[in-house]
J.: 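For reference, the structure I am asking about is given below.
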Amino acid sequence: MLDIKYIRENADLVQKNADNKRMKVNIAALLALDDRRLALLKEVEEIRKERNEIADKMKSVSAEERPGLIERGKALKDSVAHKETEYEAVASEWKTALLAIPNMTHPDTPIGASDEENVEKKVFGEVPSPPFTPKSHVELAEELDLIDFERGAKVAGAKFYFLKGKLALLEQALTQWVMKLMVAEGYVPMITPDLAKDAVLVGTGFNPRGPETQIYSIENADLSLIGTAEIPLGGYHMNEVIEEDKLPLKYVGLSHCFRTEAGTYGRESYGLYRVHQFSKVELFIFAAPWQSEALHEELRRLEEMVFQKLGLVFRTVDICTGDLGGPAYRKYDLEAWMWGKGGWGEITSTSNCTDYQARRLNVKVRRKDGSLEYAHTLNGTAAAMSRALIAIMEQYQNADGSITVPEALIPFTGFNRIG
RNA sequence: GGAGAGGUGGCAGAGUGGUCGAACGCGCCGGACUCGAAAUCCGGUAUACCUUCACGGGUAUCGAGGGUUCGAAUCCCUCCCUCUCCGCCA
């Protein structure tokens, strides 16, 4: 959410920014709505003022004057109720429109319409040319009995799966390894709830219900299954004021992630690449405004470190405006080489949301001089298990169809080879 | 899940229909005293929004939402959370 005052004063910039992000918003319409809302607010407050004055007079007034005042009070009660209803209707529409306005964008972010205009920043390693035809993780898993998609579908439906045998252990090893790595970097380890209240979803910028949602919600309850630990970690300090010298607060959270992924069948969702449930280790930072830009670079560096330590071939991409999404001020993705896709596949993502998320979540910083301002929030994937497993399986496969375990994970698996 | 108690400012804690945005205390900030500090004394000390060049003025907020009333922190209803006991369970 942007500050309405900022929008009023920078209407053109905000409109241009939304256009760059390929988001259909109408700033002029929002500002017209804002005017109506403020006019109604004034009317409501005027009536309430008179109501309060009458209530105040009642304390000292003579018996003869009381009935008149009571009558006047009754009339005001009706008119305030009407005006409030009118105001609420406009305010609600206003809020919806305001929430749809995307965050501003980093000046260095490439302008572009879609992911095709993302800018490659750096390639780590070289795409190998093995002396055999590399298999996809689905083929490898089939031959080594590592993932059971069929029975996953039987038990929970399409795009659910069982991780099996050494692959199940490999995921646990990866989880433990990456958690410990991040703890060593100063991040506080957390295992989060896998469900969150709608208010937390909305606060973090997710839409829990409605036709466009990617979120599973619980019927007859104010709860949804989280799509990422960003949701509970962002909600962790919701409605809090954090002292300046406590910042930044850095967390590394493990959770299950649930996504409906409606309408995404096809090549882009092959195997483990796009599934309804996976586990993920997520980094989340609450920062002071002047810290966030450097911390975003830190998150990118940490993500790159993880995949370098795993010995994977990947590249870092600077996400362009059209692919950025609403909350992000700037975003980097890491993409690993995936034989099954025949190209790069996203494995992690890190965003600087500046104060956009904090404003919704109502997380503030108290400066040393006592003043308050909204915090900045950042998030980044340390490791999304399903996609990291794809990269490992496909890049670490051998000519005989076996898979070598990355060196770094062997202390956590206890074995160095699958198959 | 059942029974009971409770949720008020940064903390602690009064307040049971108007004199309450809210006592007293602690903390914090400023000042006095002091060579300096402690102690003491004096003053200040919630948030959001609207309005004003400014001083200021206004509206809302006592867990959340709704209701009663001319008027609600206070009365009623629903929900959430915390504590104690019981049941159940990993």
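Just so it is clear: chains get the letters A, B, ... in the order the sequence lines come, proteins before strands, and each one is counted from 1.
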J.: Please report the distance separating the P of B:rG67 from the corresponding atom of B:rG17, rounded so that it comes out in whole Å.
T.: 23 Å
J.: Paired with B:rG87 by Watson-Crick or G-U wobble geometry, both distances under 3.5 Å: which nucleotide is it?
T.: none
J.: For B:rU69, which nucleotide is its Watson-Crick or G-U wobble mate, given both distances must be under 3.5 Å?
T.: none
J.: Once you round it to whole Å, what is the distance between C1' of B:rA60 and NZ of A:K83?
T.: 19 Å
J.: Can you tell me the base-pairing partner of B:rG10? Count Watson-Crick or G-U wobble geometry only, both distances below 3.5 Å, and say none if there is no partner.
T.: B:rC26
J.: May I ask you to decide whether A:K16 forms a salt bridge with A:D19, counting only side-chain N to carboxylate O separations under 4.0 Å?
T.: no
J.: When the distance from CD of A:E84 to P of B:rU59 is rounded to whole Å, what number comes out?
T.: 13 Å
J.: Measure from NZ on A:K49 to C1' on B:rC49 and round the result to the nearest Å.
T.: 16 Å
J.: For A:R300, run the side chain to side chain donor-acceptor pair (under 3.5 Å) check against A:E298, A:H296, A:E304 and tell me which one passes.
T.: A:E304
J.: Which nucleotide in the set B:rU47, B:rG18, B:rA60 lies at the smallest distance from any side-chain heavy atom of A:N52?
T.: B:rA60
J.: Across all strands, who's sitting opposite B:rU78 as a Watson-Crick or G-U wobble pair, both distances under 3.5 Å?
T.: B:rA64
J.: Roughly how far apart, to the nearest Å, are B:rA46 and B:rC29 at atom C1'?
T.: 15 Å
J.: In whole Å, measure the gap between the P atoms of B:rG15 and B:rC75 for me.
T.: 12 Å
J.: How many whole angstroms separate atom NZ of A:K57 from atom C1' of B:rG18?
T.: 15 Å
J.: If we ignore hydrogens and angles and just use 3.5 Å, is the side chain of A:N118 paired with the main-chain N or O of A:D115 as donor and acceptor?
T.: yes
J.: Under the criterion salt bridge (charged side-chain N to carboxylate O under 4.0 Å, His left out), I'd like the reasoning laid out for A:E84 against A:R48: C-alpha separation, chi angles, the key distance, then a yes or no.
T.: CA-CA 10 Å; A:E84 275 174 350; A:R48 288 205 277 230; 2.6 Å; yes
J.: Heavy atoms under 4.0 Å, any strand shown: does A:R8 hit a base, just sugar-phosphate, or nothing?
T.: sugar-phosphate
J.: Which is more 5' along RNA chain B, the nucleotide nearest A:K74 or the one nearest A:D56? Just name the residue.
T.: A:D56
J.: May I ask you to verify if any side-chain N or O of A:K5 is less than 4.0 angstrom from the OP1 or OP2 atom of B:rC50?
T.: yes
J.: Is there a side-chain contact between A:K42 and the phosphate of B:rC50, meaning an N or O under 4.0 Å from OP1 or OP2?
T.: no
J.: Distance check, C1' atoms only: B:rG1 and B:rC49, in whole angstrom units.
T.: 43 Å
J.: Does the Lys NZ or Arg CZ of A:R259 fall within the cation-pi geometry relative to A:Y216 - under 6.0 Å from the ring centre and within 45° of the axis?
T.: no
J.: Quick one: A:D34 CG to B:rU51 C1', roughly how many Å, whole number?
T.: 15 Å
J.: How far does the P atom of B:rC88 sit from the matching atom of B:rA64, given to the nearest Å?
T.: 37 Å
J.: How long is the line joining CZ of A:R51 and C1' of B:rA60, in whole Å?
T.: 10 Å
J.: Report which part of the nucleic acid A:L41 touches: base, sugar-phosphate, or nothing (heavy-atom distance under 4.0 Å, all strands).
T.: sugar-phosphate
J.: Of the options B:rA60, B:rC49, B:rC70, whose atoms approach the side-chain atoms of A:I54 most closely?
T.: B:rC70
J.: Could you tell me which nucleotide pairs with B:rC53 by Watson-Crick or G-U wobble geometry, both distances under 3.5 Å, or answer none if nothing does?
T.: none
J.: Just how far, in rounded Å, is C1' of B:rU78 from CG of A:D222?
T.: 15 Å
J.: Please give the distance between the C1' atoms of B:rG9 and B:rA14 as a whole number of Å.
T.: 13 Å
J.: Suppose you measure atom P in B:rG25 against the same atom in B:rU84; what distance do you get, rounded to whole Å?
T.: 33 Å
J.: Take atom NZ of A:K364 and atom P of B:rA48, then tell me their distance rounded to the nearest Å.
T.: 4 Å
J.: Does NZ or CZ of A:R151 lie under 6.0 Å from the centre of the six-membered ring of A:F162, at an angle within 45° of the ring axis?
T.: no
J.: Name the nucleic acid region contacted by A:L76, choosing base, sugar-phosphate or nothing; use a 4.0 angstrom heavy-atom cut-off, strictly under.
T.: nothing
J.: Distance check, P atoms only: B:rU59 and B:rA22, in whole angstrom units.
T.: 13 Å
J.: Under a 3.5 Å limit for both distances, which nucleotide forms a Watson-Crick or G-U wobble pair with B:rC33, could you say?
T.: none
J.: Report, as yes or no, whether the 6.0 Å neighbourhood of atom CD on A:E407 holds more than 12 heavy atoms from other residues, nucleotides or ligands.
T.: no
J.: Could you identify the nucleotide paired to B:rA48, looking across every strand shown and requiring Watson-Crick or G-U wobble geometry with both distances under 3.5 Å?
T.: B:rU59
